[in-house]
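Quick notes on the structure that follows.
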Amino acid sequence: MAKSPEVKLAVFGRAGVGKSALVVRFLTRRFIWEYDPTLESTYRHQATIDDEVVTMEILDTAGQEDTQQKESHMRWGDGFVIVYDITDRGSFDEVAPLRGLLEEVKKPKNVPLVLVGNKADLEHARQVGTEEGERLAAEMACAFYECSACADEGGMVAEAFHELCRELRRRKAVQGKARRRSSTTHVKQAINKMLTKISS
Ligand SMILES: Nc1nc2c(ncn2[C@@H]2O[C@H](COP(=O)(O)OP(=O)(O)OP(=O)(O)O)[C@@H](O)[C@H]2O)c(=O)[nH]1
């Protein structure tokens with residue numbers, strides 16, 4: 001039987017945006033109010049996404065990491081969830097620099113990621129409009145979700161993680177095709193060389 005794909009996903013965002021709450025919601029479908037804010041944690045999780053079993057390793061980073069720690073976690077990950085809090089404009093302003101660092105650390109560029117605006121249940125305290133999130137995601141060419149780890153009726157949190165896995169799968173398929181195409185080209189070139197030698 002084919003081995004299920006394994007993907008490493010890292011969750012980034014300013015301290016307090018709800019990274020741990022989102023990861024715990026995704027893994028347990030529950031909301032837990034408080035976590036140790038300084039800890040980073042890794043979890044393993046299996047899910048069936050479009051009939052394919054995917055094994056995820058999820059790193060919930062600590063919001064107060066220094067640049068060196070961030071870079072090391074960025075090197076570790078295959079795909080990224082960048083989270084901001086819709087009630088905290090400063091957390092939204094930190095998204096672009098985080099994406100910038102990702103693009104510096106990861107090569108090739110155009111890193112697989114999804115953008116999540118969390119705490120959508122706190123509409124009365126909103127500081128970042130939905131359309132602003134949409135616009136930023138369009139600029140970053142990634143999917144965008146407004147979610148609430150606390151009241152996730154629509155299953156949006158899982159959808160964000162699943163979409164990231166789909167994006168990684170799409171890219172792997174494209175890379176596989178490109179590799180196959182280049183090896184076919186090499187074989188063709190070798191045959192042509194041989195034929196040229198024989199005929200000369
Ligand atoms: N109302 C509301 N509160 C939330 C939501 N998600 C998280 N919180 C609260 O926001 C606070 C911070 O949540 P955490 O999950 O610890 O945030 P974090 O991003 O992991 O923070 P660091 O670990 O410090 O980086 C906690 O008090 C949570 O209960 C949400 O969707 N809605």
Side-chain angles (χ1 to χ4, degrees), residues 7-45 47 56-102 105-106 111-134 136-137 140 142-165:
V7 292
K8 291 180 182 159
L9 312 181
V11 185
F12 281 96
R14 176 188 254 199
V17 294
K19 297 179 294 296
S20 305
L22 285 167
V23 171
V24 169
R25 162 64 76 180
F26 175 49
L27 299 176
T28 68
R29 300 192 187 145
R30 290 204 177 87
F31 179 70
I32 298 164
W33 278 101
E34 294 302 331
Y35 308 89
D36 184 334
T38 59
L39 290 182
E40 66 174 59
S41 320
T42 319
Y43 305 86
R44 267 179 94 77
H45 178 68
M56 290 164 237
E57 216 173 315
I58 302 173
L59 173 67
D60 169 18
T61 67
Q64 281 159 357
E65 291 181 329
D66 60 28
T67 307
Q68 224 179 348
Q69 286 168 314
K70 279 196 189 104
E71 287 179 354
S72 137
H73 289 148
M74 288 174 176
R75 276 192 287 275
W76 173 88
D78 303 315
F80 302 88
V81 180
I82 300 186
V83 185
Y84 67 91
D85 169 352
I86 67 149
T87 71
D88 174 9
R89 160 84 39 197
S91 71
F92 183 69
D93 294 340
E94 285 185 22
V95 172
L98 265 175
R99 178 2 168 77
L101 188 61
L102 257 177
V105 170
K106 304 295 273 187
V111 179
L113 62 96
V114 295
L115 178 64
V116 169
N118 189 38
K119 307 197 188 179
D121 54 295
L122 300 179
E123 189 56 45
H124 58 281
R126 182 188 279 277
Q127 289 183 1
V128 184
T130 304
E131 62 296 339
E132 291 180 90
E134 285 168 350
L136 182 57
M140 302 196 302
C142 71
F144 169 63
Y145 298 88
E146 271 195 357
C147 300
S148 166
C150 149
D152 184 36
E153 281 101 14
M156 263 323 173
V157 175
E159 188 46 37
F161 280 90
H162 287 187
E163 180 53 29
L164 182 55
C165 292

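Quantities reported herein were computed from a predicted structural model and do not represent experimental measurements. Order of appearance sets the numbers: ligands from 1, and atoms from 1 within every ligand.
- The shortest N or O to N or O distance between T61 and ligand 1 is not under 3.5 Å.
- Residue G16 holds the heavy atom nearest to atom 21 (O) of ligand 1 of all those in G16, A120, G18.
- F80 and H73 have their aromatic ring centers separated by at least 6.0 angstrom.
- Checked for salt-bridge contact, E132 and R89 meet the test: a charged N lies under 4.0 Å from a carboxylate O.
- Every N/O-N/O distance between A15 and ligand 1 stays at or above 3.5 Å.
- Residue pairs that meet the salt bridge (charged side-chain N to carboxylate O under 4.0 Å, His left out) test with at least one member in residues 10-24, sequence neighbours left out, are R14-D88, R14-E94.
- Checked against N118 for a side chain to side chain contact (heavy atoms under 4.5 Å, CB included), the options V17, L22, I86 give a single hit: L22.
- Listed by number with element, the atoms of ligand 1 under 4.0 Å from a non-hydrogen atom of L122 are 1 (N).
- Between V17 and ligand 1, an N or O atom pair is found at a separation short of 3.5 Å.
- Listed for the K106 side chain is no donor-acceptor partner under 3.5 Å among the backbone atoms of P112.
- Side-chain rings of F26 and H45 approach one another, their centers coming within less than 6.0 Å.
- Less than 4.0 angstrom separates some heavy atom of K19 from each of these atoms of ligand 1: 15 (O), 17 (O), 18 (P), 19 (O), 20 (O), 21 (O), 22 (P), 25 (O).
- Pairs passing the salt bridge (charged side-chain N to carboxylate O under 4.0 Å, His left out) check and including a residue from residues 63-85, sequence neighbours excluded, read D85-K119.
- Considering backbone and side-chain N/O of D60, none are found under 3.5 Å from N/O of ligand 1.
- Shown in contact with D121 at under 4.0 Å from a heavy atom are these atoms of ligand 1, numbered in order with element: 1 (N), 2 (C), 30 (C), 31 (O), 32 (N).
- Those atoms of ligand 1 with a heavy atom of A21 less than 4.0 angstrom away are 6 (N), 7 (C), 15 (O).
- Under a 4.0 Å criterion applied to the non-hydrogen atoms of G63, ligand 1 contributes the atoms 22 (P), 25 (O).
- Around atom CD of Q68, no more than 12 heavy atoms belonging to other residues, nucleotides or ligands sit under 6.0 Å away.
- Residue contacts with ligand 1, taken as heavy atom pairs separated by less than 4.0 Å, do not involve L22 at all.
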